[in-house]
Amino acid sequence: MQQKFYKYQGTGNDFVMIDNRQQQFDKNNTKLVSHLCDRRFGIGADGLILLENHNDYDFKMVYYNADGNESTMCGNGGRCLVAFAKQLEVISDKATFEAIDGLHHAEINGDIVKLQMQDVTAIDKKANHVFLDTGSPHHVQFEDDIDNFDVKTKGANIRYGEPYNEKGTNVNFVKKLSDDTFRVRTYERGVEDETLSCGTGVTAVAIAMHALNETTSTRVDLEVEGGDLQVSFDIEDGIYKNVWLIGPAKFVFEGTI
Ligand SMILES: N[C@@H](CCC[C@H](N)C(=O)O)C(=O)O
């Protein structure tokens, strides 16, 4: 069977998008998803996203990692899906959609997509890292020599090690550049490699940096391998609310495979 697809990227985190409003996609076919994401034998992407109909909201997001398994929330993928929904004329400049972690609101203005993320209530501060869930699990730790750091090897050791083990976590290495700017490199679970950007990852970094008093700003700039993102939030009684992930989301090409 031939499959029509669209390719999008958000600061270099790239996705195969499929319009599954007619429910024609074989959703339990792990091999098919990993084949479509394969950079040599398929289209090539960090993940695959289905846009589906929803009874109450604009659409539903179903996210798979490049390994073919459905996974938890993808922030950059959510932003790209909003741009895709606009291309399909499912929305105009605002969206409300359901993903695996709940409801998301979003706004699109040109290439820039703002995506509201879930509130963050639990921040686990350890001696050398912070762990928090921003829709996906994230380990955040400082790394001074971030430019020369072996993210793939060191990230995999943490992702598969204690206490995360097989279920795993995404791993973010951070360097502070100024009071409100941080450089981030991320090892992604399910891609099992460094990606050029991770939306839930930079959201976790921004909140972790604030919780550690590394910034007093509630609007944080994040420099990632594939570009620049911003995260803004409010804090009420120790809960991070009204969390927004902001940055570019761009159409790359479309085709049939
Ligand atoms: N790239 C994503 C994160 C995708 C999910 C992650 N790989 C996982 O399985 O936890 C993002 O932009 O948030």
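Along the sequence shown, residues are numbered consecutively beginning with 1. Atoms within each ligand, like the ligands themselves, are counted from 1 in listed order. Reckoned from all heavy atoms, side chains included, excluding hydrogens, waters and symmetry mates.
- Here the side chains of Asn76 and Leu229 are in contact, with some heavy-atom distance below 4.5 Å.
- In terms of polar-atom proximity, Asn13 is counted as a contact of ligand 1, with an N or O under 3.5 Å from an N or O of the ligand.
- Contact annotation: for Asn170 versus ligand 1, heavy atoms closer than 4.0 Å belong to the side chain alone.
- Salt bridge status for Arg39 with Asp14: present, with a side-chain N to carboxylate O gap under 4.0 Å.
- Taking the centre and axis of the six-membered ring of Phe173, the NZ or CZ atom of Lys175 falls outside the cone set by 45° and 6.0 Å.
- Only the side chain of Glu188 comes within contact range of ligand 1, with a heavy atom under 4.0 Å; no backbone atom does.
- For ligand 1, the atoms sitting less than 4.0 Å from at least one non-hydrogen atom of Thr200 are 3 (C), 11 (C), 12 (O), 13 (O), numbered in the order shown with element in parentheses.
- The shell of residues lying under 4.0 angstrom from ligand 1, judged by heavy atoms, includes Gly75.
- With a 4.0 Å heavy-atom cut-off, ligand 1 is reached by the side chain of Asn65 but not by its N, CA, C or O.
- Relative ring orientation between Phe97 and Phe59 is described as parallel, the plane-to-plane angle staying below 30° on a 0-90° scale split at 30° and 60°.
- Looking at Pro137 and Thr72, their side chains come closer than 4.5 Å, going by heavy atoms from C-beta outward.
- When non-hydrogen atoms are compared, ligand 1 lies under 4.0 Å from the side chain of Ser136 (C-beta onward) but not from its backbone.
- Some N or O of Gly199 is nearer than 3.5 Å to an N or O of ligand 1, by distance alone.
- Salt bridge annotation for Asp150-Arg185: absent, with no cationic side-chain nitrogen under 4.0 angstrom from a carboxylate oxygen.
- Of all atoms in ligand 1, listed by their number and element, those nearer than 4.0 Å to a heavy atom of Thr72 are 8 (C), 10 (O).
- In this structure, the protein non-hydrogen atom closest to atom 7 (N) of ligand 1 is Arg189 O, 2.8 Å.
- Classification of Glu98 and Lys60 as a salt-bridged pair fails, no side-chain N sitting under 4.0 Å from a carboxylate O.
- With a 4.0 Å cut-off on non-hydrogen atoms, Cys74 touches ligand 1 through its backbone as well as its side chain.
- Atom numbering of ligand 1 starts at 1 in the shown order; those under 4.0 Å from a heavy atom of Tyr63 are 4 (C), 5 (C).
- Counting the atoms of ligand 1 from 1 in the order shown, those under 4.0 Å from a heavy atom of Asn76 are 11 (C), 12 (O).
- In this structure, His129 and His139 have parallel ring planes: the angle between them is below the 30° cut-off, well short of the 60° mark.
- Two residues are said to be in side-chain contact when any heavy atoms from C-beta on lie closer than 4.5 Å; His105 and Trp244 meet this criterion.
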